[in-house]
Amino acid sequence: MMILELLDMTNEPIAETRERQGIRLTAREMRARQREQRRAEDALMEIAWSRLC
């Protein structure tokens, strides 16, 4: 549960900044950001699992 809360905290500032600036992302940029976010989530989950084992 803590990991999901951490992910939510890291995503909020990015979303707020994007809304404030009114940035329109191209499809390529959006996919790149999604890949980056998935990699970060995977890394956090890897850390969590390694601490459980």
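Numbers here are sequence positions counted from 1.
The line from CZ of Arg35 to CG of Asp42 is 13.5 Å long, rounded to the nearest 0.5 Å. A distance of 10.5 Å separates CZ of Arg38 from CZ of Arg31, quoted to the nearest 0.5 Å.
Under the side-chain hydrogen bond (donor to acceptor under 3.5 Å, both in side chains) criterion, Thr26 pairs with Glu29, sequence neighbours left out.
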